[in-house]
Enquirer: 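The structure's right below; bear with me while I get my questions together.
The analysis underlying the following values was restricted to heavy atoms, covering all of them including side chains, and did not include hydrogens, waters or symmetry mates. Within every chain, numbering begins at 1; the chains are lettered A, B, ... in the order of the sequence lines, protein sequences first and strands thereafter.
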2 protein chains.
Amino acid sequence: MGVVTTDDRAPDDRAPDDRAPGDRAPGDRGPGDRVPKQDRSRATRRRLLAAAVACLAERGWAGSTVSVVAERAGVSRGAAQHHFPTREDLFTAAVEYVAEERSDALRALFPQGATGDRRAVVTALVALYTGPLFRAALHLWVAASNEEQLRSRVTELEARVGRESHRIAVELLGADESAPGVRETVQGLLDMARGLGLANLLTDDAGRRERVVAQWAGLLDDALG
Amino acid sequence: MGVVTTDDRAPDDRAPDDRAPGDRAPGDRGPGDRVPKQDRSRATRRRLLAAAVACLAERGWAGSTVSVVAERAGVSRGAAQHHFPTREDLFTAAVEYVAEERSDALRALFPQGATGDRRAVVTALVALYTGPLFRAALHLWVAASNEEQLRSRVTELEARVGRESHRIAVELLGADESAPGVRETVQGLLDMARGLGLANLLTDDAGRRERVVAQWAGLLDDALG
DNA sequence: GGGGAAATTCATGCAAGCATGCTTGATTGT
DNA sequence: ACAATCAAGCATGCTTGCATGAATTTCCCC
């Protein structure tokens, strides 16, 4: 299912939310929504952010030049510069965009509620760390680790996403966090997922990942009772 | 005399393994010692590689320009270009350098032999994923994931280091790999270590890491019997 | 409700900064 | 003396940021 929701669309595709200037999304605008008065503006802004994330996942930080992102978004470079005066503005906004997308993807796991099948839960969680969203986030982390401006925002948002991941993981696994060690167990699981996602960066080792997931899902099942 | 040509490097510049030109690393080169027969040349070459790794860990890929690396190594940019005609040559060589360093660090754990204290082993393994070497490797991976040339070499070397990590981990943990699931268990542990190292990129969460390590060491102890 | 001013949004051209690679010249070791 | 090694200057290409101008949208007043 659409666990990861970034667009792996064809290069020239139009974003899903790309509307003609006139029509608007169903429940889109509240009454006092004053900031972007034009739908077209919001659309291009969103397109730029989505393109930035996509470029980040596909071409990395250095390769994601504003020209590239603008072209990917189907707008001129000047338009990009209008919405985000500086390159840093663009990517700091992209950080929040990625964080939101990841939170959404995370919450998309929630409706199922706590299933008894822990292996399925672990598989789903790990899957979150192998999609393009995680790739983009990874590039963002690495870039932010050396860009003073980005780091603070990235760490803050990542902490938020991390907490939410943990909460949802506990929920889905049906773990009793009051028991000693359970919290650390789940954290370790998420760290393992991160590590599996990182390993997936260079080589697509789905087979190995699946085996590791199966094994540790079993161990987790024992540990959580 | 001129041990090193212009030793006017910045104060903190000496890499940990920065040796005098004469002495070599323990098992450094076989008899078929190739191209540079001059010690000074080898020294600057090594300095350049060490500087490249250090810059990679501290400033990231984009920030590690050849000028920066050369300055860090205490040589002119032209000298760097003499040893590594292109920037890519420099960093592909740096890849191997990092791989060797990581293997050395890994082997440094070996002399102890298999101890009964699995928590200490896990701690040591995880520690390997939190140092500057891992940081450099991380930047390298992320950069390589989008640079066609680097990727093949990085994946190859990383596979080697990964196998060695696994072998040593099995050895130190006293695990019986013929038993079903043991291989995947250890792999998962290493993946978790990777994830912890990745989490350590932005925020130094040594406390959390320690708790997770303690907990997972316990899980491992149970799983391995 | 309609028309026009004002503001927003977007496109294009331009100059500055920077990194890479190449070439030339000086220095050291064999 | 010769070759290798190192240093410095030069030329090219790319990216960013800014400035100007056109098209579109919103606001405001009649």
Side-chain angles (χ1 to χ4, degrees), chain A residues 14 18-24 29 32-49 51-52 55-56 59-92 143 147 149-150, chain B residues 1-9 21-22 33-49 51-52 55-56 59-92 94 143 147 149-150:
Chain A
R14 297 172 73 81
D18 180 26
R19 313 183 239 307
D23 53 311
R24 51 183 52 173
R29 306 159 72 59
D33 198 345
R34 290 204 57 82
V35 196
K37 298 176 175 166
Q38 317 218 21
D39 283 347
R40 187 182 59 163
S41 173
R42 303 200 348 159
T44 61
R45 183 188 164 91
R46 196 179 194 82
R47 286 239 300 270
L48 280 169
L49 290 178
C55 287
L56 224 44
R59 315 174 58 136
W61 175 258
S64 293
T65 208
V66 295
S67 306
V68 169
V69 173
E71 189 181 9
R72 181 77 147 85
V75 302
S76 79
R77 196 173 70 89
Q81 194 142 30
H82 168 72
H83 286 278
F84 307 98
T86 174
R87 182 183 131 104
E88 190 170 310
D89 291 332
L90 171 60
F91 282 98
T92 47
E147 304 257 329
Q149 293 289 346
L150 276 180
Chain B
M1 54 174 308
V3 178
V4 271
T5 51
T6 56
D7 205 356
D8 54 355
R9 296 172 288 170
D33 202 332
R34 53 173 174 73
V35 209
K37 293 192 161 64
Q38 315 226 17
D39 284 345
R40 187 182 61 164
S41 175
R42 304 202 338 168
T44 62
R45 183 189 164 90
R46 197 176 193 82
R47 286 240 300 271
L48 280 169
L49 290 178
C55 287
L56 224 44
R59 316 174 58 133
W61 174 258
S64 293
T65 189
V66 295
S67 306
V68 169
V69 172
E71 189 181 10
R72 181 79 146 85
V75 300
S76 79
R77 198 173 70 89
Q81 196 138 32
H82 169 71
H83 286 278
F84 307 98
T86 173
R87 181 182 132 105
E88 192 170 307
D89 292 332
L90 171 61
F91 282 99
T92 48
E147 303 257 329
Q149 294 288 347
L150 276 181

Enquirer: For Leu48(B) and dC6(D), give me the distance from atom CG to atom P, rounded to whole Å.
Expert: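 Going from Leu48(B) (CG) to dC6(D) (P), I get 9 Å.
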Enquirer: Provide the closest heavy-atom pair for Arg72(A) versus Ala51(A) in the form atom of the first, atom of the second, distance.
Expert: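 The answer is CG-CB, 3.7 Å.
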Enquirer: Can you tell me the distance, in whole Å, between the CZ atom of Phe91(A) and the C1' atom of dT16(D)?
Expert: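 After rounding, the reported distance stands at 13 Å.
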Enquirer: Answer yes or no: does a side-chain N or O of Thr65(B) lie under 4.0 Å from OP1 or OP2 of dT20(C)?
Expert: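 Yes, such a contact exists.
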Enquirer: Measuring from the side chain of Ala79(A) (C-beta onward, heavy atoms only), which nucleotide among dT20(C), dC10(C), dC6(D) has the closest atom?
Expert: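 It is dC10(C).
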Enquirer: I need the single residue from Val68(A), Val66(A), Thr65(A) that forms a side-chain contact (heavy atoms from CB on, under 4.5 Å) with Cys55(A). Which is it?
Expert: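 With Cys55(A) as partner, side-chain contact (heavy atoms from CB on, under 4.5 Å) holds for just one option, Val68(A).
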Enquirer: Atom CG of Asp89(A) to atom P of dT16(D): distance rounded to whole Å?
Expert: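 After rounding, the reported distance stands at 13 Å.
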Enquirer: So, does Ser67(A) get its side chain near the phosphate of dT15(D), meaning an N or O under 4.0 Å from OP1 or OP2?
Expert: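 Checking dT15(D) against Ser67(A), no side-chain N or O comes under 4.0 Å of OP1 or OP2.
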Enquirer: Just how far, in rounded Å, is P of dT16(D) from CD of Glu88(A)?
Expert: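 Atom CD in Glu88(A) sits about 12 Å away from atom P in dT16(D).
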Enquirer: Give the rounded distance in Å between these two atoms: NE2 of His83(B) and C1' of dA4(D).
Expert: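 Distance check: His83(B) NE2 to dA4(D) C1' gives 10 Å.
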Enquirer: Between dA11(C) atom C1' and His82(A) atom NE2, what is the distance in whole Å?
Expert: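 Answer to the nearest Å: 12 Å.
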Enquirer: Has Thr86(A) got a side-chain N or O lying under 4.0 Å from the OP1 or OP2 atom of dG17(D)?
Expert: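 Checking Thr86(A) against dG17(D): at least one side-chain N or O falls below 4.0 Å of OP1 or OP2.
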Enquirer: Any side-chain heavy-atom pair from Gln149(B) and Thr92(B) closer than 4.5 angstrom?
Expert: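 Result no, sub-4.5 Å side-chain heavy-atom pair not found.
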Enquirer: Can you establish whether the number of heavy atoms outside Arg87(A) located under 6.0 Å from its atom CZ is more than 12?
Expert: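 Correct, the count exceeds 12.
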Enquirer: OP1, OP2 of dT9(C) versus side-chain N and O of Thr44(A): anything below 4.0 Å?
Expert: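 False: Thr44(A) side-chain N/O out of range (4.0 Å or more) of dT9(C) OP1/OP2.
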Enquirer: Using only modelled atom types and a 3.5 angstrom limit, is any donor from either the side chain of Gln81(A) or the base of dC18(D) paired with an acceptor on the other?
Expert: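 Such a pair exists between side chain and base.
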Enquirer: What integer distance in Å separates Arg46(A):CZ from dT9(C):P?
Expert: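 Distance check: Arg46(A) CZ to dT9(C) P gives 17 Å.
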Enquirer: Please tell me if the side chains of Phe91(A) and Trp61(A) come closer than 4.5 Å, counting only heavy atoms from C-beta onward.
Expert: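 Yes, side chains in contact.
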Enquirer: Both Gly78(B) and Val68(A) contact DNA chain D. Which one's nearest nucleotide lies toward the 5' end?
Expert: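 On the 5' side of the pair lies Gly78(B).
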Enquirer: What is the distance, to the nearest angstrom, from the CZ atom on Arg77(A) to the C1' atom on dT16(D)?
Expert: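 Rounded to whole Å, this separation is 7 Å.
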